[in-house]
Amino acid sequence: MSSKIGFDLTFIKDINKISGEEIIALNIVQAISENDIKSNIVFFTDSKVEKQLRKLYKNLRIVVTRKKGSAFYKKFLYKYIAKNSLGLMFYPHASNLMNGKLPCKSMALLHGLNSKEVSRAKQRKTVKFLMNCDRIIAVSEFVKKELLHKSRKITAEKITVIENPLADIRQGVEIVYKKKYLLCIGNDDYSKNLLSIVKAFYEVSGMIDHDLIIIGKINEKGKIFKFIKKFGISNRVIVTGHMDRDTLFGYYKNADLFINASIYEGFGLTPLEAMASGTRTLSTLTPSIMSLEEIECDGIINTPKDYKEIADTILIIVKAPCDQAYLKKRASKIMSKYDINKTVNRYIELFRETV
């Protein structure tokens with residue numbers, strides 16, 4: 001393959017503080033860095049991330065740009081392609097700011113149209129961008145169906161489903177916490193449904209000794225914070241804010257139970273990460289959980305807004321004996337199913353077919 005491929009990383013601000021789409025993009029970068037195709041790929045990013053990437057990968061072709069957002073997608077790329085031949089531009093996420101009408105072919109990875117709280121106008125712009133792409137990768141069959149429902153002009157043949165890989169699963173730092181704890185990751189976004197977890201914890205707080213640890217930021221004027229304060233559980237609900245991956249996996253590994261009550265997930269990475277860390281997991285039926293087939297969660301949330309259902313299931317799980325041997329075996333199965341190298345080989349095949 002002689003044509004060069006552009007790879008957008010301009011949406012990442014700091015590789016030590018990443019989540020969601022950023023994690024997947026960097027997982028793909030990691031696998032590409034170990035493949036011969038890296039000599040044909042040009043990564044676009046800013047000077048800060050460029051320095052961070054150089055410490056990890058010595059032989060990547062990186063172009064540093066000060067342009068971000070629409071200025072990068074609609075101005076910088078045109079000028080760059082005019083001077084440097086690109087056969088394909090790959091976007092590891094999809095945004096209303098992007099432009100699919102480039103002097104080269106384009107491919108985008110769609111994590112879900114409702115994965116973030118955006119207006120309908122921005123959703124329509126994102127769909128319009130995807131209509132102009134030559135190839136779309138959806139992270140699940142659910143996302144593929146969602147996109148086809150949104151636009152009749154996008155054909156099923158244009159969309160390839162490649163489930164997200166599991167990579168960068170770490171040993172994690174040793175977390176010293178004197179009590180057992182339940183763990184969740186979220187913020188004030190409606191789709192994360194964090195309030196239902198907090199309400200469920202309040203229901204069971206008098207029956208268990210655990211604390212609830214929330215990884216993420218919540219608004220002090222929002223419903224979640226107000227509930228915590230109103231019902232006097234501030235001393236048992238700890239909100240950590242954002243954290244690096246080593247610390248995150250320390251919390252995963254030491255949690256007695258991880259809870260995901262999301263109403264919407266295009267894929268659902270966090271419950272997989274928790275199980276891959278050997279942690280008991282309670283989750284809604286995310287696309288990632290539904291595709292596990294013979295691998296099971298420790299509990300399923302059927303009605304995410306029913307906090308009493310969540311509370312009852314929490315009690316059942318934490319009061320049951322914890323089978324560490326089973327959890328370790330399950331973690332290995334999940335890592336095998338979502339192997340990064342298998343996933344990226346499919347990306348590379350698509351790059352070669354599309355360019």
Side-chain angles (χ1 to χ4, degrees), residues 19-20 117 172 175-243 247-265 268-275 277-286 289 296-323 327:
S19 61
E117 291 187 346
I175 300 297
V176 179
Y177 198 82
K178 294 181 180 179
K179 296 175 66 177
K180 289 184 178 181
Y181 61 86
L182 313 178
L183 180 68
C184 61
I185 298 174
N187 49 43
D188 295 284
D189 286 354
Y190 176 80
S191 64
K192 297 302 179 186
N193 195 30
L194 190 57
L195 182 58
S196 291
I197 297 177
V198 174
K199 286 182 176 180
F201 176 72
Y202 174 70
E203 289 287 311
V204 303
S205 58
M207 293 174 269
I208 61 175
D209 295 328
H210 301 62
D211 284 346
L212 174 66
I213 294 180
I214 301 171
I215 296 177
K217 289 184 178 180
I218 59 174
N219 189 335
E220 291 187 4
K221 296 181 180 179
K223 292 181 180 179
I224 299 167
F225 186 84
K226 287 179 179 178
F227 182 93
I228 292 169
K229 189 174 180 180
K230 178 180 179 180
F231 289 93
I233 53 175
S234 300
N235 62 326
R236 293 186 62 186
V237 179
I238 294 87
V239 182
T240 68
H242 295 305
M243 61 179 57
T247 309
L248 169 63
F249 277 90
Y251 276 100
Y252 272 140
K253 185 178 68 174
N254 288 286
D256 197 34
L257 174 65
F258 176 80
I259 308 169
N260 169 60
S262 294
I263 293 171
Y264 176 94
E265 291 282 357
L269 185 63
T270 57
L272 292 184
E273 287 186 339
M275 287 191 284
S277 300
T279 301
R280 294 192 289 188
T281 301
L282 168 62
S283 178
T284 48
L285 279 171
T286 63
I289 297 297
E296 295 182 351
C297 268
D298 300 276
I300 294 295
I301 299 170
N302 295 301
T303 313
K305 283 293 183 179
D306 186 352
Y307 62 89
K308 290 189 176 181
E309 177 199 328
I310 299 173
D312 290 342
T313 313
I314 288 172
L315 284 178
I316 292 170
I317 296 172
V318 300
K319 290 185 178 296
C322 186
D323 188 342
L327 294 175

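Using bins of under 30°, 30° to 60° and over 60° for the plane-to-plane angle, the ring pair Phe227/Tyr202 lands in the perpendicular bin. Taking the six-membered ring where tryptophan is involved, the planes of Tyr177 and Tyr181 are perpendicular, since the angle between them exceeds 60° and thus also 30°.
For the atom pair CG of Leu285 and CD of Glu265, the computed distance is 12.0 Å after rounding to the nearest 0.5 Å. For the atom pair OG1 (Thr286) and CD1 (Ile300), the distance works out to 8.0 Å, reported to the nearest 0.5 Å. The structure places CG of Asp211 at 12.0 Å from CG of Leu183, a figure rounded to the nearest 0.5 Å. Considering CZ of Phe225 and NZ of Lys217, their distance stands at 14.5 Å, rounded to 0.5 Å. Here Ile185 contributes atom CD1 and Phe258 contributes atom CZ; the two are 4.5 Å apart, rounded to the nearest 0.5 Å. To the nearest 0.5 angstrom, Leu248 atom CG is 9.5 Å from Thr270 atom OG1.
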Using the side-chain contact (heavy atoms from CB on, under 4.5 Å) rule, take Thr281 and Asn260 through it: C-alpha gap first, then chi angles, then the decisive distance, then the call. CA-CA 8 Å; Thr281 301; Asn260 169 60; 5.9 Å; no
Please assess Val239 against Ile224 for the test side-chain contact (heavy atoms from CB on, under 4.5 Å), listing each intermediate value before the final yes or no. CA-CA 11 Å; Val239 182; Ile224 299 167; over 6 Å; no
For Leu182 and Ile197: C-alpha separation, side-chain torsions, deciding distance, then whether side-chain contact (heavy atoms from CB on, under 4.5 Å) applies. CA-CA 10 Å; Leu182 313 178; Ile197 297 177; over 6 Å; no
After noting the C-alpha distance and the side-chain angles of Lys305 and Ile263, does the key distance pass the side-chain contact (heavy atoms from CB on, under 4.5 Å) rule? CA-CA 8 Å; Lys305 283 293 183 179; Ile263 293 171; 3.5 Å; yes
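Counting heavy atoms from C-beta on, the side chains of Ile215 and Tyr252 never come closer than 4.5 Å. A 4.5 Å side-chain heavy-atom check between Phe201 and Arg236 finds at least one atom pair inside the cut-off.
Distance alone, capped at 3.5 Å, is enough to place a donor-acceptor pair between the Asn193 side chain and the Ala261 backbone. Of the possible polar contacts, none joining the Asp189 side chain to the Ser191 backbone as a donor-acceptor pair under 3.5 Å is found.
A search for side chain to side chain contact (heavy atoms under 4.5 Å, CB included) contacts involving Lys180 returns His210, Asp256, not counting sequence neighbours.
Here the shortest heavy-atom pairing between Leu194 and Gly186 reads CD2-C, 4.0 Å. Pairing each heavy atom of Met207 with each of Lys319, the nearest pair is O-NZ, 3.6 Å. Shortest non-hydrogen contact noted between Pro304 and Thr284 is CG-CG2, 3.6 Å. Minimum interatomic distance between Leu327 and Cys322 (heavy atoms only, all atoms of both residues): CD1-SG, 3.6 Å. Nearest heavy-atom pair across Gly222 and Asp188 is CA-OD1, 4.5 Å.
Atom NZ of Lys179 sits in a crowded spot, with more than 12 heavy atoms from other residues, nucleotides or ligands closer than 6.0 Å.
Put simply, the residue from Val318, Asp298, Ile259 that forms a side chain to side chain contact (heavy atoms under 4.5 Å, CB included) with Leu282 is Ile259.
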Output side-chain donor-acceptor pairs under 3.5 Å for residues 309-317, partner residues at least two apart or in another chain, one line each.
| from | atom 1 | to | atom 2 | distance (Å) |
| --- | --- | --- | --- | --- |
| Glu309 | OE1 | Thr303 | N | 3.1 |
| Glu309 | OE1 | Thr303 | OG1 | 3.3 |
| Glu309 | OE2 | Asn302 | N | 2.8 |
| Thr313 | OG1 | Glu309 | O | 2.8 |

